[in-house]
Amino acid sequence: MKNKYILTLALFLSMGRFGIFAQTAGVTGGTQWLWLYDGSYNNPVTWTYSVGYQQSILSKICLGVVFNTSLNADLIGHNEIEVKAEPGVYIRFQNAISKYKSLSFESRYFLNDFDEVPVGVYIASSYKYGFFNSTNTILVISDEPGMNNGSAYPFYKQIASGLSYESACSIHSFGLKLGLMAGPMFNFYMGYDYNMPFITEHQNITNSNLKLSPPVIFSSFNLGLSLGFGLGY
């Protein structure tokens, strides 16, 4: 019985000490702006919604996990592009991105102890895995660029005018962030990511020896804002 009381006391003290360091524990929700493409894309920025959890483990370190998703079917982002498939064959198509989702893990280091001031500035390192669809809708297949009095073709190898082809895309991102956080209630950050994109074109596009989906930029900026509530410790 005596050992049971000692064990209970030890657990209470350890949890109490952990509670001192866990003042930033909480669930968060917010929004994020993410740059996927370069300036040649009409709308290179995607706007997503996020939900996450964060937990401090030491007096200046906080770990976080965030899930981002586009709640609507299609993100606000499309572009008309024309490519030269071969001499005498030009393809004009519209590209759109949709169904973006990502899961990121962060380690944040605060410049002050959590107990010193209610608001803290932090720097963070992160790893993020994102994936989305790149949909290419064939508008015109022509023998001249811009359809300048040229002839239109209904097919080119395995792609056809008027049809859409969906390609799967994924991104491994490693990033740095600078943020301002007040407990679990408020978090504003801006970051810089190094991206490793992987695009798997639709089989018909691949079989036609084409690459239609715009390449994801290898380095990008992101900006986010989230609000949350604490878990009482």
Side-chain angles (χ1 to χ4, degrees), residues 19 21-37 41 43-78 96-134 169-197 216-217 219-233:
F21 293 151
Q23 294 182 9
T24 59
V27 177
T28 62
T31 186
Q32 177 179 251
W33 292 265
L34 173 68
W35 279 255
L36 283 180
Y37 298 121
Y41 199 83
N43 293 282
V45 180
T46 64
W47 181 17
T48 64
Y49 301 91
S50 65
V51 60
Y53 173 77
Q54 57 194 27
Q55 171 74 63
S56 61
I57 57 172
L58 294 172
S59 60
K60 289 188 177 184
I61 297 177
C62 179
L63 302 180
V65 57
V66 179
F67 176 73
N68 272 278
T69 182
S70 55
L71 296 184
N72 54 335
D74 295 310
L75 294 170
I76 302 174
H78 65 275
I97 51 179
S98 62
K99 302 176 183 177
Y100 177 87
K101 294 178 175 60
S102 70
L103 183 65
S104 61
F105 302 90
E106 298 180 5
S107 176
R108 306 167 189 162
Y109 176 79
F110 285 77
L111 303 184
N112 57 274
D113 289 340
F114 298 140
D115 293 334
E116 291 179 358
V117 291
V119 175
V121 176
Y122 68 86
I123 55 176
S125 60
S126 65
Y127 164 75
K128 175 173 58 183
Y129 174 71
F131 52 96
F132 61 95
N133 291 332
S134 174
C169 305
S170 62
I171 313 173
H172 296 276
S173 301
F174 302 88
L176 294 174
K177 291 181 178 179
L178 177 65
L180 176 68
M181 191 167 75
M185 299 299 296
F186 175 83
N187 182 20
F188 173 77
Y189 63 85
M190 51 186 174
Y192 181 85
D193 289 336
Y194 173 75
N195 303 314
M196 299 175 60
V216 174
I217 54 178
S219 59
S220 60
F221 289 96
N222 59 76
L223 189 70
L225 175 67
S226 64
L227 300 174
F229 59 90
L231 300 181
Y233 60 90

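Throughout, residue positions are numbered sequentially from 1 according to the sequence presented. Every heavy atom of this structure was used, including side-chain atoms; hydrogens, water molecules and symmetry mates were not.
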Q. If you measure from OG on Ser220 to CD1 on Ile171, what distance do you get to the nearest 0.5 Å?
A. 7.5 Å
Q. Does the side chain of Lys177 come within less than 4.5 Å of Asn222's, by heavy atoms?
A. yes
Q: Evaluate the ring planes of Phe110 and Tyr122, with Trp represented by its six-membered ring, and classify them as parallel (under 30°), tilted (30 to 60°) or perpendicular (over 60°).
A: tilted
Q: Search all heavy atoms of Ser134 against all heavy atoms of Cys169 and return the closest pair with its distance.
A: CB-SG, 3.7 Å
Q: Verify side-chain hydrogen bond (donor to acceptor under 3.5 Å, both in side chains) between Asp193 and Ser173, making sure each step is shown before the conclusion.
A: CA-CA 6 Å; Asp193 289 336; Ser173 301; 4.7 Å; no
Q.
Within this structure, what is the CG-CH2 distance for the pair Leu34 and Trp47, rounded to the nearest 0.5 Å?
A. 14.5 Å
Q | Distance, nearest 0.5 Å, that separates OG of Ser126 from CG of Leu176 | A | 7.5 Å
**Q.** Heavy-atom check, side chain of Val66 versus side chain of Val51, under 4.5 Å
**A.** no
Q) Is there a side-chain contact between Gln32 and Ser50 (heavy atoms, below 4.5 Å)? A) no
Q) Does a side chain donor of either Ser219 or Asn195 reach within less than 3.5 Å of an acceptor in the other side chain? A) no
Q. Testing Tyr192, Trp33, Tyr189, Trp35 for ring-ring contact (aromatic ring centres under 6.0 Å, His included) with Phe221, which one passes?
A. Tyr192
Q: Can you measure from OH (Tyr127) to CZ (Phe174) and round to the nearest 0.5 angstrom?
A: 6.0 Å
Q: Indicate yes or no: at least one non-hydrogen side-chain atom of Leu178 is less than 4.5 angstrom from one of Val121.
A: yes
Q: Flag the pair Thr69 / Lys101 as yes when at least one side-chain heavy-atom distance between them is below 4.5 Å, and no otherwise.
A: yes
Q: Please round to the nearest 0.5 Å and tell me the distance separating atom SG of Cys62 and atom CD of Glu106.
A: 9.0 Å
Q.
Counting C-beta onward and ignoring hydrogens, is there a side-chain heavy-atom pair between Tyr37 and Ile97 closer than 4.5 Å?
A. yes
(Q) In the structure I gave you, are the side-chain heavy atoms of Arg108 and Lys60 within less than 4.5 Å of one another anywhere? (A) no
**Q.** Minimum side-chain heavy-atom gap Leu225-Phe186 below 4.5 Å
**A.** yes
Q: Kindly say whether the aromatic ring centers of Tyr129 and Phe131 come within a distance under 6.0 Å.
A: yes
Q: Would you please test Leu63 and Gln55 for side-chain contact (heavy atoms from CB on, under 4.5 Å) and show each step?
A: CA-CA 5 Å; Leu63 302 180; Gln55 171 74 63; 5.5 Å; no
Q: Enter the distance from Tyr109:OH to Ile61:CD1 here, rounded to the nearest 0.5 Å.
A: 7.5 Å
